[in-house]
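Accompanying notes for the structure given below.
Predicted model only: the values in this text are computed from it and were never measured. Computation of the quantities below employed the complete heavy-atom set of this structure, encompassing side-chain atoms and omitting hydrogens, waters and symmetry-equivalent molecules.
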Amino acid sequence: MQCEDVANLLPGVGDGSVTLRGSARWHVDRCLRCQTELVQYRKVLRSLRTLRTEFLEPAPGLLADILATIAESGERHAVRQLLSGRRAAYFGGIAAATAAGAAGVVVLASMSRRSRFRVAS
Amino acid sequence: MKARQGDHAAFEELVRVTYVDAYNLAYRLTGDEDDARDVVQDAYLRAFRGLKRFRGEAQFTTWLYRITANCAASSLGKRARHRHDVLEDDEDIVDLSARVDPAEQADRGAVRDRVKAALAELPPRLRAVVVLRDVYDLSHEAIATELGITESAAKVRLHRARRKLRERLYPIPGEDERDARHAV
Ligand SMILES: [Zn+2]
């Protein structure tokens, strides 16, 4: 068995997802080149894990943007509910009051969109 | 969880305590700050809309990572349709190590920065898998689901990504002429 025959197994040995058996194990146990590669894979894995605790600070405004997007989505949902409710209410004779309410929410939604673009710029 | 009941305020609090983390994942997956911002906003919107489907036994962050990974994959897919070369697995990694001995530098403690540089140079499809598995500890099953690939494809990509990272960080003297020049 040659180094090339086990090369595809080595990336999984470092984290235990691959267990070497038989001739592959026999080769790696006695091959300095493969042993070196294993050490390198383990170092790469350790370095990757440390990235988990390293944070790049997002540019200002991201939190506000996310919250605005969610709020806007909630408002759209509310408008849909109001509009479907308005159709029912129309036949019940109370359309005017509900329409005023819906208009208010539409204004809120468009204000939210404006603020999102302002924050993002 | 309060947020599961659609409580806006509770969800806002969850956003506040997790968004930097989610942004970092998105940034590592997309490699671009603007794309990462879009991905994170999309991910939270989907999380908010899908709160009812959130199973309480999973950690919220794990669930959020999965959604973020899914959004990032969609974003990269869209971008790749415009730049068809981006998703090529066999794309060569750009050599940034022309005049230094990478192994020596790594052993001096700069390995983390070099890993980040090597990650950034990986093709996005390989980078996504290695970031999700080795940095964020998602399962192969979760990775496969969110990226829309099979588990065996996810494993193949993971091994290929690790191999490329190792070769990038520790080129073996003699493997090619450039490395041979640095061999002692
Ligand atoms: Zn060997």
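- Leu45(B) belongs to no hydrophobic cluster with other residues, because no ILVMFWY side-chain heavy atom falls under 4.5 Å from its own, directly or through intermediates.
- Using a 4.5 Å cut-off on side-chain heavy atoms (C-beta onward), Tyr44(B) and Leu67(A) make no contact.
- No single ILVMFWY cluster, assembled from side-chain heavy atoms under 4.5 Å apart, contains both Val156(B) and Val18(A).
- Hydrophobic clustering keeps Leu38(A) apart from Tyr170(B) (ILVMFWY residues linked when any side-chain heavy atoms are closer than 4.5 Å, directly or through intermediates).
- Across all non-hydrogen atoms, the minimal contact from Glu54(A) to Asn24(B) is O-OD1, 3.9 Å.
- Interface with chain B: from residues 6-16 of chain A, residues Ala7(A), Asn8(A), Pro11(A), Gly12(A), Asp15(A) qualify, criterion being any non-hydrogen pair under 4.5 Å.
- Taking CZ from Arg166(B) and CZ from Arg42(A), the interatomic distance works out to 13.0 Å, rounded to the nearest 0.5 Å.
- In this structure, Phe48(B) and Thr69(A) have side chains that are not in contact, with every pair of non-hydrogen atoms separated by 4.5 Å or more.
- Here the side chains of Leu45(A) and Arg162(B) are in contact, with some heavy-atom distance below 4.5 Å.
- By the criterion of side-chain heavy atoms lying less than 4.5 angstrom apart, applied directly or through intervening Ile, Leu, Val, Met, Phe, Trp or Tyr residues, Ile66(A) is grouped together with Trp63(B) in one hydrophobic cluster.
- Within residues 139-148 of chain B, no residue approaches chain A closer than 4.5 Å by heavy atoms.
- Under a hydrophobic-cluster definition in which Ile, Leu, Val, Met, Phe, Trp and Tyr are linked whenever side-chain heavy atoms come within less than 4.5 Å, directly or via other members, Leu76(B) and Val39(B) are assigned to different clusters.
- For Arg21(A), the CZ atom sits in a loose shell: 12 or fewer heavy atoms of surrounding residues, nucleotides or ligands are nearer than 6.0 Å.
- Contact annotation for Ser17(A): only side-chain heavy atoms (C-beta onward) come within less than 4.5 Å of a heavy atom of chain B.
- Of the two parts of Leu119(B), only the side chain, counted from C-beta on, holds a non-hydrogen atom closer than 4.5 Å to a non-hydrogen atom of chain A.
- Contacts between residues 127-134 of chain B and chain A, defined by a heavy-atom separation under 4.5 Å, are made by Val130(B), Asp134(B).
- In this structure, the portions of Arg16(B) lying under 4.5 Å from any heavy atom of chain A include both its backbone and its side chain.
- The distance from the CD1 atom of Ile70(A) to the CZ atom of Arg46(B) is 13.5 Å, given to the nearest 0.5 Å.
- Contact of Val115(B) with chain A is made through the side chain alone, with heavy-atom distances under 4.5 Å.
- Contact count versus chain A (heavy atoms, under 4.5 Å) is highest, among Arg49(B), Glu33(B), Lys155(B), Arg163(B), for Arg163(B).
- With chain B as the partner, the residue from Val44(A), Leu51(A), Thr50(A) showing the most heavy-atom pairs under 4.5 Å is Leu51(A).
- Ranked by heavy-atom pairs shorter than 4.5 Å toward chain B, the options Ser47(A), Pro58(A), Ala59(A) are led by Pro58(A).
- Side-chain contact between Tyr23(B) and Glu57(A): absent, with no pair of heavy atoms (C-beta onward) separated by less than 4.5 Å.
- Only the side chain of Tyr27(B) comes within contact range of chain A, judged by heavy atoms closer than 4.5 Å.
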For side chain to side chain contact (heavy atoms under 4.5 Å, CB included), just list the numbers for Asp137(B) and Arg52(A), CA-CA rounded to whole Å, side-chain angles, deciding distance to a tenth of an Å, and then say yes or no.
CA-CA 9 Å; Asp137(B) 204 29; Arg52(A) 181 69 187 75; over 6 Å; no

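- The parts of Asp21(B) that come within reach of chain A are both its backbone and its side chain, each placing non-hydrogen atoms under 4.5 angstrom from that chain.
- Under a hydrophobic clustering in which Ile, Leu, Val, Met, Phe, Trp and Tyr are joined whenever their side-chain heavy atoms come within less than 4.5 Å, directly or via other members, Leu63(A) and Phe55(A) fall into the same cluster.
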